[in-house]
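These numbers were taken from a predicted model, which means no experiment stands behind them. Residue numbers begin at 1 in each chain, while the letters A, B, ... track the order of the sequences.
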Amino acid sequence: MEDLLDFLNSQQQQAVAAPAGPTLVLAGPGSGKTRVLTYRIAYLVGVMNIPAYHILAVTFTNKAARQMGERVTKLLGDQAEGIWLGTFHAICGRILRREADLLPVDRNFVIFDADDQETLMKNIIRENNLDEKLFRPGSVLDAISRAKNELLTPDNFPVNNFRDDQVRRLYIQYQQRLVRNNAMDFDDMLLYTSQLLEDFPVVRETYGHKFEHILVDEFQDTNLAQYAILRNLARQHHNLYLVGDEDQSIYRWRGADYRNIQRFQTDFKDSCTILLEQNYRSTQTILDTAVAIIDRNPNRTRKSLFTERKGGDKVTLVVAADDRDEADRVVASIREGITRGKQNPSSYAIMYRTNAQSRLLEEAFRREGINYRLVGAQRFYGRREVKDAIAFLRLVYNPKDEISLRRVINVPPRGIGDKTLEKLAQVATQLDRSMGETLLELASGSPELEALMGRETPRLAQFGRLLRDWREQASKNTPAILFDRVVEDTGYTAYIQDHSEEGMDRWENVLELRAVLVEYDEQGLAAFLEAMALVADQDTLPDQLDAPTMLTLHAAKGLEFDQVFITGLDEFLLPHSRSRDDEEALAEERRLFYVGVTRARKKLTLTRALRRRSPYGSFEATIPSRFLDDLPTELLQGSARGLPSRFSDGRKEPYSRWESPYFTSAARPAEPAKTRFKAGMQVRHKTYGRGVVKTSRLDHGDETVEVYFEGHGLKALVASLAKLEIL
DNA sequence: GCATCGGATTTTTTT
DNA sequence: AATCCGATGC
């Protein structure tokens with residue numbers, strides 16, 4: 001086992017063989033981070049004789065967990081048995097079910113996904129007679145999620161204005177409703193776990209003792225709740241081994257807090273830091289490009305990354321006429337690489353900022369008849385029929401789950417509409433019981449209940465009996481058999497297969513779900529539902545298929561490919577428009593780009609399009625991404641092949657060096673030299689009255705002005721149309 | 001209770 | 001462009 005270290009460089013050896021105690025490994029991209037983690041586990045078990053069941057290893061995705069599990073097993077064989085290895089959420093789920101007695105929910109709690117949360121919040125907002133325009137469920141949930149990630153309960157939720165106060169009320173009700181549904185959301189899993197560890201010394205000691213060594217991957221993307229969990233678990237032994245890279249921190253929006261690195265160094269004074277700086281993945285060209293990008297970010301520890309893979313192909317920049325052309329060119333280039341260059345299809349990856357960008361690429365691949373793998377996006381588990389099917393199972397497992405009940409009680413239509421449902425809800429509330437439990441009770445024939453329910457009784461009781469039978473099935477049979485019963489009893493097949501082509505597709509999805517279900521014959525329904533909630537579509541990627549991969553830059557973290565395309569290098573897309581006026585967010589966009597670039601082993605291609613279809617439908621001219629300006633010219637080769645070499649407005653020189661020598665519409669007027677409006681100007685508008693100009697900018701010939709109007713708020717106006725009068 | 005039509009609306013990333 | 005929501009009519 002000692003020769004384990006032979007395969008490592010000196011920094012890696014130092015990291016793997018570090019003494020027990022708080023350790024921080026700052027690992028540049030491609031520096032063998034995963035390797036160090038797996039070897040560290042092997043070292044703990046093989047050399048330091050720590051039994052695997054005393055080790056906890058936390059990863060960021062299930063996929064990473066699976067990979068690590070495989071590698072550890074390869075190194076250790078049977079000795080790896082008993083290790084706890086998984087995502088934060090999976091680990092917390094395990095702890096919470098064990099310790100359910102201490103929770104407001106019981107052991108059979110379900111996990112509400114984003115859709116469930118949205119539905120629930122929408123209901124609550126309506127019940128409170130709040131304006132749905134002012135209180136968007138998404139934004140309220142966002143605020144609640146942020147609070148939970150910061151360990152803020154409703155009691156200490158910061159209230160600075162009326163809106164905060166309302167949100168706090170909604171937060172309280174939301175939590176009550178989750179409990180009534182015997183459910184929790186993703187953030188609750190972390191919050192509850194951290195509370196258990198904080199408030200119950202017994203729990204803290206139990207798990208602190210169990211996990212003698214704690215290893216964490218992607219530490220830069222942990223939030224405060226996750227940090228609190230780690231700190232409490234390591235309170236006695238301090239054996240916290242963290243691996244991360246602040247330059248790859250890309251989940252700030254999800255509560256990730258890079259300050260956790262500082263917190264760790266403050267809380268664990270005796271911690272030791274190890275840097276991994278040798279890159280084994282990329283060519284010098286790619287690494288230099290990456291460094292040029294990331295070095296523009298302020299407030300970071302500069303690392304001196306180096307590689308022995310000198311030189312390498314230059315980075316290619318492709319400027320396409322429009323977004324479809326962009327997709328076509330990427331796919332054409334890949335096809336060429338596969339057929340002429342004899343490259344493996346799976347050595348290619350195409351990355352983009354938003355999932356929506358995958359559509360044109362998919363179409364291009366289909367036109368070319370090339371297989372592809374798509375990570376995330378049109379999510380299998382997000383499909384209606386799949387969600388319905390899962391909702392049936394969830395309801396069987398946990399009848400208190402009102403969201404699932406409402407979802408399926410009338411699927412296929414069985415005469416239970418709004419009226420009936422509200423009657424059920426009302427009676428349930430009256431009896432202080434969940435709707436599901438009320439249904440079950442009705443099924444067993446309770447005269448008083450029937451009286452309360454009145455003429456709605458038969459239909460509801462019938463569904464209650466179905467539910468009761470399914471629950472019986474669930475206790476006796478495998479999930480798949482239960483599933484078949486549900487399908488049969490509801491006439492789901494006929495309902496789905498409505499003779500349309502779409503119906504066929506949907507039915508196939510149902511069958512696919514059943515195939516997944518069969519894998520849970522042994523583990524049972526509970527494990528299946530847990531997996532459904534926690535396994536993201538990221539993880540469903542079929543590894544076997546030898547095909548190019550399409551994925552978001554976020555999903556690309558931790559992966560590597562010989563050939564990487566990053567598409568959509570346009571302002572508003574990368575950096576994304578949502579991040580434009582926030583320095584921190586902008587820095588994160590840059591890191592995201594950096595993550596993408598550093599995924600490439602041999603060849604990097606960046607693409608942009610001169611115009612693209614806006615989400616609203618019409619074509620719009622684009623502006624080159626500011627990140628392009630930071631690329632070292634000597635490492636680049638441009639390509640605007642086949643395009644006319646003159647601007648339609650007569651200019652010979654491009655505005656920016658990234659503008660292709662090609663203009664899309666000859667009819668487009670030349671841009672005015674400067675804006676007519678300036679920030680601070682007083683203006684008058686026909687309907688909004690007096691206002692003050694906040695910003696003004698030129699967008700391919702049109703001047704867009706943002707004006708603040710008293711009583712109307714901020715409005716974005718097109719100067720040429722709005723007839724603004726300067727006062 | 002259910003289907004259909006028309007109008008409004010559209011926040012990027014994910015466990 | 002596509003989807004969702006609400007109102008309307010059956």
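Backbone-only engagement by K122(A) is indicated by non-hydrogen atom pairs under 4.0 Å involving sugar-phosphate atoms exclusively. Across all strands shown, T420(A) has heavy atoms under 4.0 Å from sugar-phosphate atoms exclusively, and none from any base. Using a 4.0 Å heavy-atom criterion, one finds that F88(A) contacts no nucleic acid atom at all. Using a 4.0 Å heavy-atom cutoff across all strands shown, N410(A) reaches sugar-phosphate atoms only and no base atom.
Among the nucleotides dT15(B), dA1(C), dT14(B), the one closest to any side-chain atom of T87(A) is dT15(B). Ranking dT15(B), dT14(B), dC2(B) by closeness to the T552(A) side chain, first place goes to dT14(B). Here the nucleotide nearest the side chain of P413(A), chosen from dA1(C), dC2(B), dT10(B), is dC2(B). Nearest to the side-chain atoms of R126(A) among the listed nucleotides dT13(B), dG6(C), dT15(B) stands dG6(C).
By the 6.0 Å and 45° rule, R97(A) stacks over the aromatic ring of F109(A).
Side-chain N/O atoms of R353(A) and base N/O atoms of dT13(B) include a donor-acceptor pair closer than 3.5 Å.
Stacking of the aromatic ring of H89(A) onto the base of dT15(B) is not found under the criterion of centres within 5.5 Å and planes under 30°.
E588(A) has its CD atom 12 Å from the P atom of dT14(B), to the nearest Å. Here the P atom of nucleotide dT13(B) and the CG atom of L586(A) are 18 Å apart, to the nearest Å.
Between dT15(B) and N62(A), no contact under 4.0 Å exists linking OP1 or OP2 to a side-chain N or O.
In summary, of the residues considered (V597(A), V595(A), I566(A)), a side-chain contact (heavy atoms from CB on, under 4.5 Å) with L553(A) occurs for I566(A) alone.
Taking atom P on both dT13(B) and dC4(C), the two are 16 Å apart, rounded to the nearest angstrom.
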